[in-house]
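As structure tokens, the structure follows; a few thoughts come after it.
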Protein chains: 2
Amino acid sequence: MAPIDRPLTDYPRPSLAVDTAVLTVRGEELCVGLVPGKPRLPGTFLHEGETLADAVRRSLTQKAGLEGAAPAQLHVFDALDRDSRGWVLSVAHVVVVPADATGTLELVPTSAARGLDFDHDQIVQQAVAWMQGRYAERPDPEHLLGAELTLRDLRRVHEAVRGEVLQPDTFRRAMLPWLEPTGLLRRGDVGKPAQLFRRR
Amino acid sequence: MAPIDRPLTDYPRPSLAVDTAVLTVRGEELCVGLVPGKPRLPGTFLHEGETLADAVRRSLTQKAGLEGAAPAQLHVFDALDRDSRGWVLSVAHVVVVPADATGTLELVPTSAARGLDFDHDQIVQQAVAWMQGRYAERPDPEHLLGAELTLRDLRRVHEAVRGEVLQPDTFRRAMLPWLEPTGLLRRGDVGKPAQLFRRR
DNA sequence: CGAATAGTGTCTCTTAGACAATATTTA
DNA sequence: TAAATATTGTCTAAGAGACACTATTCG
């Protein structure tokens with residue numbers, strides 16, 4: 001039997017790419033950022049001496065002017081025929097940022113992000129599922145909102161992430177254990193001012 | 001600015017490996033399979049024309065005589081210094097099989113699998129968490145048990161996976177909605193025979 | 001005041017968890 | 001019969017969800 005682990009360089013190696021679903025909440029909708037003018041997620045090839053997270057940040061900086069992201073890994077796509085240019089594996093990532101920090105990406109509601117290049121439809125799906133899992137556990141783990149937030153703000157985010165309207169009272173009681181009142185109020189245009197909270 | 005996507009072959013490429021935590025339940029314990037005589041998980045380098053799942057199956061067949069596994073991806077480990085032989089990324093996988101189907105692997109309780117090579121300690125940890133998540137949702141998603149099972153069998157598996165003893169009555173009521181009675185009984189050495197169920 | 005938003009009281013239903021009792025087998 | 005295992009009855013506590021009500025602001 002041939003030895004299993006010959007020296008590293010004896011093996012032909014695939015190209016390794018990263019592709020990233022940049023998610024945000026804009027208005028009432030969960031949106032994903034596409035490369036301007038193209039039906040695809042931002043991505044790039046992994047460079048020597050670079051980690052996957054580095055490559056994700058580089059691609060977002062170069063293609064969208066988006067700095068300092070904290071990418072999370074989703075899945076490696078490895079179908080042999082996924083890229084007509086050759087043997088390319090892609091490590092899918094997800095990044096969550098506030099809507100005003102998505103750089104030059106074109107924001108599209110996740111429900112409308114269909115027919116993208118490569119396996120990017122699947123990446124968007126997995127990214128949404130990942131985010132729903134995150135927000136099921138905690139009020140705002142990805143800091144879509146600032147340090148001080150009202151329950152109305154928070155509920156809007158959760159409604160966008162989950163894609164359904166939530167009852168204000170049930171939602172309030174579910175979130176309160178995770179929040180710390182600041183004692184301050186936020187006054188709106190109309191109605192009773194809301195308490196401001198901080199993440200506990 | 002330099003073009004971002006030069007032809008594929010212009011980039012130096014990392015070696016890509018797969019490493020697999022083979023999990024099983026033996027007796028009352030959740031165990032992981034190590035390569036005989038070595039403190040490491042079975043793994044190999046990805047070959048040309050092969051998917052990651054193929055590479056996992058090949059490594060398990062060659063190193064442990066374990067056929068037909070259905071690997072699930074966990075995480076890509078990409079620390080630049082994780083392998084002293086060079087630039088190697090590893091895609092961690094998990095495979096769950098009955099204890100009598102682990103081939104020549106050395107079974108070690110997951111709680112005792114410490115000090116393994118590379119980042120294999122972390123892989124075991126992630127594999128255990130993955131499996132706990134799976135078994136929190138369904139009675140036996142990985143078919144550790146055969147087609148017909150008793151609630152005692154099932155509880156033993158869940159106790160091993162969760163690492164704690166479970167109350168028979170509460171467990172029974174939690175599982176019944178997922179099970180279909182066969183009408184048959186399984187007689188033991190002593191005690192009332194148990195109903196046999198099938199996964200619904 | 002009326003509209004709009006924030007927040008609370010309270011009821012119901014479901015579920016987890018536990019304890020105790022009953023049922024059926026083997027030795 | 002005694003011991004072991006399987007199964008069910010029942011109680012309690014906690015939580016989700018819904019409805020109705022109260023509170024506070026602006027125009």
Side-chain angles (χ1 to χ4, degrees), chain A residues 25 27-28 132-141 144-200, chain B residues 25 27-28 132-141 144-200:
Chain A
V25 169
E28 314 271 313
Q132 287 173 341
R134 291 279 288 171
Y135 276 78
E137 304 275 322
R138 294 256 169 183
D140 185 22
L144 279 170
L145 301 171
E148 302 199 330
L149 47 91
T150 67
L151 280 161
R152 186 71 187 87
D153 297 335
L154 194 55
R155 183 155 53 89
R156 239 191 278 270
V157 168
H158 279 250
E159 286 177 341
V161 170
R162 294 179 44 177
E164 58 184 0
V165 296
L166 300 172
Q167 303 235 15
D169 50 358
T170 301
F171 181 79
R172 179 187 189 82
R173 280 184 257 250
M175 287 297 144
L176 274 182
W178 299 102
L179 300 176
E180 198 161 15
T182 62
L184 304 175
L185 299 179
R186 173 176 298 165
R187 320 186 88 80
D189 289 345
V190 54
K192 181 174 173 176
Q195 278 188 71
L196 281 167
F197 295 88
R198 223 185 300 278
R199 291 176 266 269
R200 191 183 293 279
Chain B
V25 170
E28 313 272 312
Q132 288 173 339
R134 292 279 288 171
Y135 276 78
E137 305 274 321
R138 293 256 169 183
D140 185 23
L144 279 171
L145 301 171
E148 302 199 330
L149 47 91
T150 67
L151 281 161
R152 186 68 186 86
D153 297 335
L154 195 55
R155 182 155 53 89
R156 240 191 277 270
V157 168
H158 279 250
E159 286 177 341
V161 170
R162 294 178 46 177
E164 59 186 0
V165 297
L166 301 172
Q167 304 236 14
D169 52 357
T170 301
F171 181 78
R172 179 188 189 81
R173 280 184 256 252
M175 287 296 143
L176 274 182
W178 298 103
L179 299 176
E180 197 160 16
T182 62
L184 303 175
L185 299 179
R186 173 176 300 166
R187 320 186 88 80
D189 288 345
V190 56
K192 181 173 173 178
Q195 279 188 68
L196 281 167
F197 294 88
R198 224 186 298 279
R199 291 175 265 268
R200 192 183 294 279

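Lettering of chains follows the sequences in order, A, B, ..., and the numbering in each one begins at 1. Note that these values count all heavy atoms, side chains included, but never hydrogens, waters or copies made by symmetry.
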I'd like a table of atom pairs between the protein and nucleotides 20-23 of chain D - only N or O on both sides, under 3.5 Å - with the distance next to each one.
none

For atom [atom1] of [X], is the number of surrounding heavy atoms from other residues, nucleotides or ligands below 6.0 Å larger than 12?
X: Glu164(B); atom1: CD; result: yes
X: Glu180(B); atom1: CD; result: yes
X: Arg162(A); atom1: CZ; result: no
X: Arg138(B); atom1: CZ; result: no

Heavy atom of residues 145-168 of chain B under 4.0 Å from DNA chain C: which residues?
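Under 4.0 Å from DNA chain C: Gln167(B).
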Atom-pair distance ([atom1] on [X]; [atom2] on [N]), nearest Å:
X: Asp189(B); N: dA4(D); atom1: CG; atom2: P; result: 13 Å
X: Leu196(A); N: dT5(C); atom1: CG; atom2: C1'; result: 15 Å
X: Leu176(B); N: dA16(C); atom1: CG; atom2: P; result: 12 Å
X: Leu179(B); N: dA6(D); atom1: CG; atom2: P; result: 15 Å
X: Arg173(B); N: dA6(D); atom1: CZ; atom2: C1'; result: 12 Å
X: Phe171(A); N: dT5(C); atom1: CZ; atom2: P; result: 17 Å
X: Arg186(A); N: dC26(D); atom1: CZ; atom2: P; result: 15 Å
X: Arg187(A); N: dA6(C); atom1: CZ; atom2: C1'; result: 13 Å

Contact between Arg186(A) and Asp153(A) at the side-chain level, heavy atoms closer than 4.5 Å - yes or no?
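A side-chain contact under 4.5 Å exists here.
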Any Leu179(B) side-chain heavy atom under 4.5 Å of Arg198(B) side chain
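With C-beta onward as the side chain, the pair stays apart.
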Between dA6(D) and Gln195(B), is there an OP1 or OP2 to side-chain N/O distance shorter than 4.0 Å?
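Looking at the OP1 and OP2 atoms of dA6(D), neither is under 4.0 Å from any side-chain N or O of Gln195(B).
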Closer to the 5' end of DNA chain C via nearest nucleotide, is it Thr170(B) or Arg172(A)?
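By nearest-heavy-atom nucleotide position, the 5'-most residue is Arg172(A).
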Name the residue closer to the 5' end of DNA chain D, choosing between Leu185(B) and Pro193(A) according to the nucleotide with the nearest heavy atom.
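The residue whose closest nucleotide sits nearer the 5' end is Leu185(B).
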For a quick test of reading the model, state the closest non-hydrogen atom pair linking Leu196(B) to Leu185(B) and the distance between them.
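Shortest heavy-atom contact: CD1-O, 3.8 Å.
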When rounded to the nearest 0.5 angstrom, what distance separates CD in Glu148(B) from OG1 in Thr182(B)?
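One gets 5.0 Å once the value is rounded to the nearest 0.5 Å.
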Under a 3.5 Å distance rule, please check whether Gln195(A) uses its side chain to pair with a backbone N or O of Thr150(A) as donor and acceptor.
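Checked: no pair found.
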